[in-house]
Amino acid sequence: MTSIRIAAAQTPEFRENVGAALDYAVRIAALAEAEGVALLVFPEGFLQGYLTDEASARRVALDLASAEFAAVLDRLPKSGSVLVMGLIEIDGGRLFNTAVVVERGVLLGRYRKAHLMRGERAFEAGKDSPLFAIGALRFGINICYDTNFPEAAGTMAASGASLILCLSNNMMPRDKAETFKERHNAVRGERCRETGLWLISSDVTGERDGRIAWGPTAVLNPEGQVVAQLPLEEPGLLVFDFPCIESLSFSD
């Protein structure tokens, strides 16, 4: 048995300000590197904001093959943690709610949100559920609403994952936020119990235009129990030593 140090950032919300989001990400990544973190997770839509109207989403969307995205990669650290970050992607004119996996400024892969809410009609649903590895750690990605669907986590478990990364953005009208305040971890815990997987979530926090986001940013064990969590409504970095068993059948 060994362990790998993982972390999730609970961040302010950045909307149409990629420069400020990158500045924040670089600062948090430096803190994570100093802590020996191997994997660092940022929220859904972190880079440009969780923008669901099509005009706004198209205005800020990034083609992952573009010079603009290359410039984003160039800003990210060339050492330290593997970063998983939410952004709005455009590919052949189609918009996706995407998480990118980046190691030392190099794009390793992406996951596109597969289960979309009614308010996300600007996006197309992703079709693939890729698995990623850091040493003995095998992980897959869900984006927020994905965790309501058992098959999303089940596909990861069947592929050999041990950890779900849940990128979220729960900036909601206050009354709705109150209703769902305790529900987020409860739903995620169901996925953990069904699959035997761990889960780490990353969310935004703060208030805007009658909306509020508390988080949560947390780690849940395979029994669905919260074993670590940041205080609600406070930006921060949650660091956790994830226990994993060395694999003999998957090359690093």
Side-chain angles (χ1 to χ4, degrees), residues 5-15 21 24-25 28-29 31-32 35 37 39-47 49-50 81 83-86 97 99 111 113 115 117 119-120 139-150 152-153 156 161-195 197-208 210-243:
R5 185 160 288 183
I6 62 176
Q10 187 161 279
T11 77
E13 184 188 36
F14 297 96
R15 292 171 64 83
Y24 191 91
I28 295 300
L31 294 175
E35 293 275 351
V37 169
L39 175 65
L40 172 58
V41 189
F42 288 89
E44 175 185 18
F46 170 80
L47 189 63
Y50 178 61
S81 315
L83 308 180
V84 181
M85 182 180 294
N97 184 336
Y111 167 78
K113 189 173 185 177
H115 299 90
M117 297 183 294
E120 297 178 304
F139 65 90
I141 300 170
N142 276 184
I143 299 180
C144 207
Y145 191 55
D146 283 330
T147 57
N148 285 272
F149 298 87
M156 293 183 207
S162 54
L163 174 67
I164 303 168
L165 274 51
C166 177
L167 286 68
S168 294
N169 189 311
N170 284 303
M171 181 67 73
M172 299 177 174
R174 183 175 284 273
D175 57 346
K176 185 176 180 181
E178 289 281 1
T179 300
F180 281 91
K181 188 175 184 179
E182 306 299 329
R183 188 69 184 134
H184 301 301
N185 277 339
V187 169
R188 295 164 189 172
E190 291 174 9
R191 304 291 83 81
C192 294
R193 287 189 293 274
E194 291 163 357
T195 60
L197 302 182
W198 290 74
L199 181 146
I200 185 168
S201 63
S202 173
D203 211 328
V204 298
T205 191
E207 298 186 50
R208 167 180 58 82
R211 295 172 173 263
I212 189 165
W214 284 297
T217 294
V219 175
L220 280 66
N221 68 16
E223 288 73 47
Q225 301 164 331
V226 176
V227 294
Q229 181 170 311
L230 290 177
L232 297 182
E233 207 174 356
E234 293 182 21
L237 181 66
L238 178 64
V239 178
F240 184 79
D241 287 327
F242 177 79

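Note that this is a predicted model, so its numbers are computed, not measured.
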Show your working on side chain to side chain contact (heavy atoms under 4.5 Å, CB included) between Gln225 and Leu220 and close with a plain yes or no. CA-CA 5 Å; Gln225 301 164 331; Leu220 280 66; over 6 Å; no
Heavy-atom closest contact (Cys166 atom, Thr147 atom, distance): SG-CG2, 3.7 Å
Can you tell me how far the OH atom of Tyr111 sits from the CZ atom of Phe139, to the nearest 0.5 Å? 13.5 Å
Please find the pair of heavy atoms, one from Pro235 and one from Tyr24, that lie closest to each other, and give the distance. CB-OH, 3.8 Å
Taking the side chain from Arg5 and the backbone from Asp241, do they hold a donor-acceptor pair closer than 3.5 Å? no
Would you say Glu223 has more than 12 foreign heavy atoms packed within less than 6.0 Å of its CD? yes
Please identify which of these residues, Glu233, Glu234, Glu207, meets the side-chain hydrogen bond (donor to acceptor under 3.5 Å, both in side chains) condition with Trp214. Glu233
Sub-4.5 Å side-chain heavy-atom contact between Arg174 and Arg211: no
Any donor-acceptor N/O pair, Glu35 side chain to Ile6 backbone, under 3.5 Å: no
Just wondering, do Leu167 and Val41 contact through their side chains at under 4.5 Å, heavy atoms? yes
Please determine if Lys176 and Glu178 form a salt bridge, counting it only when a charged side-chain N lies under 4.0 Å from a carboxylate O. no
Side chain proximity check, Leu197 to Met156, heavy atoms < 4.5 angstrom: yes
Between Phe242 and Ile200, is a side chain to side chain contact (heavy atoms under 4.5 Å, CB included) present by the stated rule, with each step listed? CA-CA 10 Å; Phe242 177 79; Ile200 185 168; over 6 Å; no
Let's go through Asn170 and Tyr50 carefully: what are the C-alpha distance in whole Å and the side-chain angles of both, what is the deciding distance for side-chain hydrogen bond (donor to acceptor under 3.5 Å, both in side chains) to 0.1 Å, and is it a yes or a no? CA-CA 10 Å; Asn170 284 303; Tyr50 178 61; over 6 Å; no
Pro243 and Trp198 have their tightest heavy-atom pair at CG-CZ2, 3.7 Å
Could you tell me whether the side chain of Phe240 reaches within less than 4.5 Å of the side chain of Val227, counting heavy atoms only? yes
To the nearest 0.5 Å, atom CD1 of Ile28 lies from atom OG1 of Thr11 at 8.5 Å
Using a 3.5 Å distance criterion without hydrogens, assess whether the side chain of Asn97 forms a donor-acceptor pair with backbone atoms of Lys113. no
Closest non-hydrogen atom pair between Asp203 and Thr217, with its separation: N-OG1, 3.1 Å
Residues Ala32 and Ser81: closest non-hydrogen pair is CB-OG, 3.8 Å
Taking the side chain as everything from C-beta on, heavy atoms only, tell me whether Val84 gets closer than 4.5 Å to Leu40. no
Basic-acidic side-chain contact under 4.0 Å: Arg193, Glu190: no
Please find the pair of heavy atoms, one from Asn142 and one from Ala153, that lie closest to each other, and give the distance. OD1-N, 4.4 Å
Side chains of Leu232 and Thr205 in contact at under 4.5 Å (non-hydrogen atoms): no
Would you say Tyr145 and Glu44 are linked by a side-chain donor-acceptor pair, where the criterion is simply a distance under 3.5 Å? no
Under the criterion side chain to side chain contact (heavy atoms under 4.5 Å, CB included), I'd like the reasoning laid out for Leu237 against Val239: C-alpha separation, chi angles, the key distance, then a yes or no. CA-CA 6 Å; Leu237 181 66; Val239 178; 4.0 Å; yes
Chi angles and distances behind the side chain to side chain contact (heavy atoms under 4.5 Å, CB included) call for Leu47, Met85: CA-CA 7 Å; Leu47 189 63; Met85 182 180 294; 4.2 Å; yes
How about Arg188 and Ser168: does a side-chain donor come under 3.5 Å of a side-chain acceptor? yes
